[in-house]
K.L.:
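Questions regarding the structure given below will be posed in turn.
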Amino acid sequence: MKKFFVFLAFTSLLLLTACGAGNGNGSNGFGGSGGTTSQNFSASSLNGSYTYQIVGTNAGGSFTESAVFAADGKGNIGNGTEDVVPGPATGSFTGSYTLSSDGTGFVQLSSGEQFAITLVSASKFYMSEVDGNANASGTAEQQTATALTTAPSGTFVFKIHTGGALIQSNPSTVAQVGALTVSTGAVTGNEDVLTTGGSIASLSVTGTFNAPVSAGRGTGTLNDTNGTLTFQYYIIDGNHINIMPAALNAVSIFGYGRAELQSGGPFTLASLTSNFAFGSKGDTLNSGTGGSQTVGRFTAGGDGTISAGAEDFVLDGTSGSNDSFTGTYTMASSGRAAVTLTSSTLGTIPAIFWMVSPSRAFFLQDSATKVEDGTIDAQSTGSFSASDLTGQSAFFMDGFNSSAFIDRVGTLQWDTGGNVTLTEFITSSGQATNAQLPGTYTVSANGRVVASVSTLSNNLVLYLTSDSSGYVLQNDGGTEVGGIASQQNP
């Protein structure tokens with residue numbers, strides 16, 4: 001199914017219709033007047049240095065864009081530098097932004113790019129490109145100024161997802177998950193790597209993190225038996241780094257990545273003791289980029305057992321709903337867990353977890369037909385109810401259906417009584433428009449939320465990590481759209 005979209009990327013995206021902020025309900029945001037909100041965002045909510053990373057498709061194929069910029073709390077953007085791969089291409093920009101009280105708004109850059117945005121808080125927002133030149137979305141985060149002038153230091157757990165299907169004769173996708181120790185710019189570590197059509201290989205890693213050039217932007221390399229991966233990195237703070245792959249063995253690629261400072265080690269079986277929710281996405285041999293998306297939850301017993309697993313997935317356009325699984329795991333002191341899951345629908349699923357902390361991990365599934373990786377977070381409680389869905393969530397989702405690439409950004413307004421209002425700016429079929437849709441929802445004790453949203457989906461599934469926050473999947477056949485929701489905190 002996705003092979004059609006590779007063709008679409010080179011043709012119909014050239015005909016995208018540009019969309020301005022005026023398409024929203026008011027000059028500041030797109031939230032509209034269909035509901036009430038207690039949020040209290042304003043232009044002053046964005047103040048300081050930020051970095052973002054978006055992933056998407058334009059007329060040239062798949063791409064990643066990362067940038068740093070400064071917001072002045074008054075609607076102005078300055079000191080912007082953006083990097084795009086394949087390329088790499090680097091440019092400077094200024095711009096402006098508007099925000100409504102519900103946290104929705106628009107960013108307009110001098111480069112010509114325009115984004116619909118939804119704030120999670122003053123330090124984080126979700127964004128989707130709505131200027132008619134691309135389908136792309138991602139996250140922006142506030143930077144800590146004191147961390148921006150020196151190379152990262154410490155042991156970081158990382159995940160990197162790269163592909164070259166549109167720009168190389170070899171259409172391989174590669175996912176890497178592991179741990180890197182960085183000291184005075186030198187890297188040593190270990191990783192698990194999965195390549196399209198292969199199986200997981202455990203490799204040692206060396207490399208470099210060069211000193212930042214400006215605003216926390218720097219370059220680096222990772223070396224393993226597959227060759228040398230060159231990348232650009234963007235410091236968020238001392239604990240979090242965005243990574244943008246640029247080339248593998250000097251051949252341009254696109255991709256995205258994240259590194260987070262590890263804590264809580266040395267690790268044992270007991271380090272994995274909690275209820276966890278997770279979200280993952282990947283590429284498949286049949287559908288290509290984004291052909292698999294999964295959300296779910298499980299209980300880790302701290303003794304090498306996994307129980308009460310539940311997941312929803314869409315794989316090559318076929319959906320699976322509330323699939324159950326159990327499993328076992330071993331744990332190395334480094335935080336590497338070798339996991340075997342047994343699914344009622346999918347059979348045996350080997351996986352590797354790398355623990356960021358006892359409450360968070362990055363993971364990689366072992367499969368010869370897909371390359372899928374994701375993130376695991378501890379759930380805040382052992383039992384959820386409708387009252388845990390309160391106030392308003394910011395969200396973004398991306399993917400595709402049978403006729404279009406899709407990117408969504410917006411809010412979910414919950415009433416604790418089973419009613420929800422979804423407000424979104426959606427880019428689909430070459431058009432960027434806003435909508436406000438009513439719906440209903442139910443909550444299971446394990447944190448699985450199922451919402452029926454008018455004209456969108458009867459199966460919008462959310463696995464909660466905490467109040468009004470979790471991993472989201474539109475679990476409809478022929479649709480591969482998923483993302484994340486976070487409770488807003490003005």
K.L.:
Could you tell me the separation between the CD atom of Gln474 and the OG atom of Ser319, rounded to the nearest 0.5 Å?
P.N.:
11.0 Å
K.L.:
Evaluate the criterion side-chain contact (heavy atoms from CB on, under 4.5 Å) for residue pair Leu412 and Leu389; output intermediate values, then yes/no.
P.N.:
CA-CA 10 Å; Leu412 291 160; Leu389 286 171; over 6 Å; no
K.L.:
Indicate yes or no for a side-chain donor-acceptor contact from Tyr441 to the backbone of Thr416 under 3.5 Å, with no hydrogens or angles considered.
P.N.:
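Such a contact is found between Tyr441 side chain and Thr416 backbone.
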K.L.:
Is a donor from one side chain sitting under 3.5 angstrom from an acceptor on the other, for Thr51 and Gln143?
P.N.:
no
K.L.:
Is there side-chain contact between Tyr471 and Thr465, with heavy atoms separated by less than 4.5 Å?
P.N.:
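Contact flag for Tyr471/Thr465 side chains = yes.
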K.L.:
Using 4.0 Å as the upper bound for N to carboxylate O, is an ion pair formed by Asp316 and Lys370?
P.N.:
no
K.L.:
Given Phe362 and Glu260, is the side-chain contact (heavy atoms from CB on, under 4.5 Å) satisfied, shown in steps?
P.N.:
CA-CA 10 Å; Phe362 295 151; Glu260 299 185 1; 3.7 Å; yes
K.L.:
Given side chains that start at C-beta, do those of Gln39 and Ser101 come closer than 4.5 Å, heavy atoms only?
P.N.:
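Counting from C-beta outward, Gln39 and Ser101 never come under 4.5 Å.
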K.L.:
Starting at CG of Leu109, measure out to OG of Ser96 and round the result to the nearest 0.5 Å.
P.N.:
8.5 Å
K.L.:
Using only atom types and a distance under 3.5 Å, with no angle test, would you say the side chain of Thr104 pairs donor to acceptor with the backbone of Phe30?
P.N.:
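Confirmed, Thr104 side chain pairs with Phe30 backbone.
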K.L.:
Taking atom types as modelled, find out whether Asp283 and Thr173 have a side-chain donor-acceptor pair closer than 3.5 angstrom.
P.N.:
yes
K.L.:
Can you tell me if Thr64 uses its side chain to pair, donor with acceptor, with the backbone of Gly255 under 3.5 Å?
P.N.:
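Confirmed, Thr64 side chain pairs with Gly255 backbone.
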K.L.:
Give a yes or no on whether the backbone of Asp467 and the side-chain of Ser469 come within a donor-acceptor separation of less than 3.5 Å.
P.N.:
yes
K.L.:
Could you tell me whether a side-chain N or O of Ser444 sits under 3.5 Å from a main-chain N or O of Asn446, the two making a donor and an acceptor?
P.N.:
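No; zero donor-acceptor contacts below 3.5 Å.
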K.L.:
Under 3.5 Å, is there a donor on one side chain and an acceptor on the other for Glu311 and Tyr463?
P.N.:
no
K.L.:
Counting distance only, does the side-chain N/O of Tyr233 pair as donor-acceptor with the main-chain N or O of Asn242 below 3.5 Å?
P.N.:
no
K.L.:
Side chains of Phe363 and Phe278: closer than 4.5 Å at any heavy-atom pair?
P.N.:
yes
K.L.:
Check whether any side-chain heavy atom of Ser66 sits under 4.5 Å from a side-chain heavy atom of Gln232, and report yes or no.
P.N.:
no
K.L.:
With a 4.5 Å cut-off on side-chain heavy atoms, are Ile253 and Val85 touching?
P.N.:
no
K.L.:
Judged by atom type as modelled, is there a donor-acceptor pair below 3.5 Å linking the side chain of Glu480 to the main-chain atoms of Gly317?
P.N.:
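Judged by distance alone, yes, a pair lies under 3.5 Å.
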K.L.:
Please report the interatomic distance OH(Tyr256) to OG1(Thr162), rounded to the nearest 0.5 Å.
P.N.:
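Here the interatomic distance stands at 9.5 Å.
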K.L.:
Kindly give the heavy-atom pair with the smallest separation between Thr326 and Ser307, and that separation in Å.
P.N.:
CG2-CA, 4.5 Å
K.L.:
Is there a side-chain contact between Leu341 and Gln365, using heavy atoms and a 4.5 Å cut-off?
P.N.:
no
K.L.:
May I have the step-by-step check of side-chain contact (heavy atoms from CB on, under 4.5 Å) for Val481 and Asn401, ending in yes or no?
P.N.:
CA-CA 8 Å; Val481 180; Asn401 60 22; 5.6 Å; no
K.L.:
Do Asn133 and Asn58 get their side chains close enough for a donor-acceptor pair, meaning under 3.5 Å?
P.N.:
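Side-chain D/A pair, Asn133 to Asn58: absent.
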K.L.:
Quick one: closest heavy-atom pair of Asn275 and Gly382, and the distance?
P.N.:
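That would be ND2-CA, 3.4 Å.
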K.L.:
Working note: Val443 + Ser385, criterion side-chain contact (heavy atoms from CB on, under 4.5 Å); need CA distance, chi angles, decisive distance, verdict.
P.N.:
CA-CA 6 Å; Val443 182; Ser385 66; 5.5 Å; no
K.L.:
Does the side chain of Ser343 come under 3.5 Å of the side chain of Thr345 through a donor N or O and an acceptor N or O?
P.N.:
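On atom types as modelled, these side chains do not qualify, holding no pair under 3.5 Å.
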K.L.:
Could you tell me whether the side chains of Asp476 and Ser457 share a donor-acceptor contact shorter than 3.5 Å?
P.N.:
yes
K.L.:
What's the shortest heavy-atom distance between Ala134 and Glu129, and which atoms?
P.N.:
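Between these two residues, the closest heavy atoms are CB-OE1, 3.6 Å.
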K.L.:
Could you tell me which non-hydrogen atom of Ser428 sits nearest to which non-hydrogen atom of Ile406, and how far apart they are?
P.N.:
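What the structure gives for the nearest pair is OG-CG1, 3.9 Å.
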K.L.:
Looking at Asp388 and Ser383, what are the two nearest heavy atoms and their distance?
P.N.:
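Heavy atoms of Asp388 and Ser383 come nearest at OD2-O, 4.2 Å.
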K.L.:
Taking Glu141 for the side chain and Ile236 for the main chain, is one N or O donor matched with an acceptor at less than 3.5 Å?
P.N.:
no
K.L.:
Looking at Ser387, is its backbone amide N or carbonyl O close enough to the side chain of Thr390 to form a donor-acceptor pair, meaning the two atoms are under 3.5 Å apart?
P.N.:
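Judged by distance alone, no pair lies under 3.5 Å.
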K.L.:
How many angstroms lie between CG in Leu437 and CG in Leu456, if you round to the nearest 0.5 Å?
P.N.:
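One finds 6.5 Å between CG of Leu437 and CG of Leu456.
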K.L.:
Is there a side-chain contact between Phe115 and Ile54 in this structure, where contact means two heavy atoms from C-beta onward sitting under 4.5 Å apart?
P.N.:
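A side-chain contact exists here, since the closest heavy-atom pair is under 4.5 Å.
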K.L.:
I'd like to know whether Ser137 forms a side chain to side chain donor-acceptor pair (under 3.5 Å) with Asp407, so could you lay out the CA-CA distance, the side-chain angles of the two residues, the decisive distance to 0.1 Å, and finally the verdict.
P.N.:
CA-CA 6 Å; Ser137 57; Asp407 287 273; 2.7 Å; yes
K.L.:
Any donor-acceptor pair under 3.5 Å linking the side-chain atoms of Ser100 with those of Asp102?
P.N.:
yes
K.L.:
If only side-chain N and O atoms count, and only distance matters, is there a donor-acceptor pair under 3.5 Å linking Thr411 with Gln488?
P.N.:
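Thr411 and Gln488 do not have a side-chain donor-acceptor pair below 3.5 Å.
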K.L.:
Fit a plane to each ring of Phe396 and Tyr126, take the angle between them on a 0 to 90° scale, and name the class: parallel (under 30°), tilted (30 to 60°) or perpendicular (over 60°).
P.N.:
tilted
K.L.:
Out of Val157, Leu272, Asp192, Leu364, which one pairs with Phe353 under the side-chain contact (heavy atoms from CB on, under 4.5 Å) rule?
P.N.:
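Only one option passes, and that is Leu272.
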K.L.:
To check you understand the geometry: which heavy-atom pair defines the closest contact between Met127 and Ala140, and what is its length?
P.N.:
SD-CB, 4.1 Å
K.L.:
Before you tell me yes or no, could you show the steps for Ser324 and Ser344 under side chain to side chain donor-acceptor pair (under 3.5 Å), namely the whole-Å CA-CA distance, both residues' side-chain angles and the distance that decides it to 0.1 Å?
P.N.:
CA-CA 6 Å; Ser324 62; Ser344 60; 3.3 Å; yes
K.L.:
Please check if the side chain of Tyr234 supplies one atom and the backbone of Tyr52 the other of a donor-acceptor pair under 3.5 Å.
P.N.:
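Between the backbone of Tyr52 and the side chain of Tyr234 there is no qualifying donor-acceptor contact (under 3.5 Å).
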K.L.:
Quick one: are Ile352 and Val177 in side-chain contact, heavy atoms under 4.5 Å?
P.N.:
no
K.L.:
Working to the nearest 0.5 angstrom, can you tell me the gap between Ile117 CD1 and Leu99 CG?
P.N.:
4.5 Å
K.L.:
What is the ring orientation for Tyr50 with Phe125, classed by angle as parallel under 30°, tilted 30 to 60°, or perpendicular over 60°?
P.N.:
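Ring orientation of Tyr50 relative to Phe125: tilted.
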K.L.:
Evaluate side chain to side chain donor-acceptor pair (under 3.5 Å) for Glu372 paired with Thr294, printing each intermediate quantity in order.
P.N.:
CA-CA 9 Å; Glu372 185 166 350; Thr294 309; 2.8 Å; yes
K.L.:
Can you measure from OG1 (Thr375) to NZ (Lys159) and round to the nearest 0.5 angstrom?
P.N.:
4.0 Å
K.L.:
For Ala122, what residues pass the side-chain contact (heavy atoms from CB on, under 4.5 Å) criterion, not counting sequence neighbours?
P.N.:
none
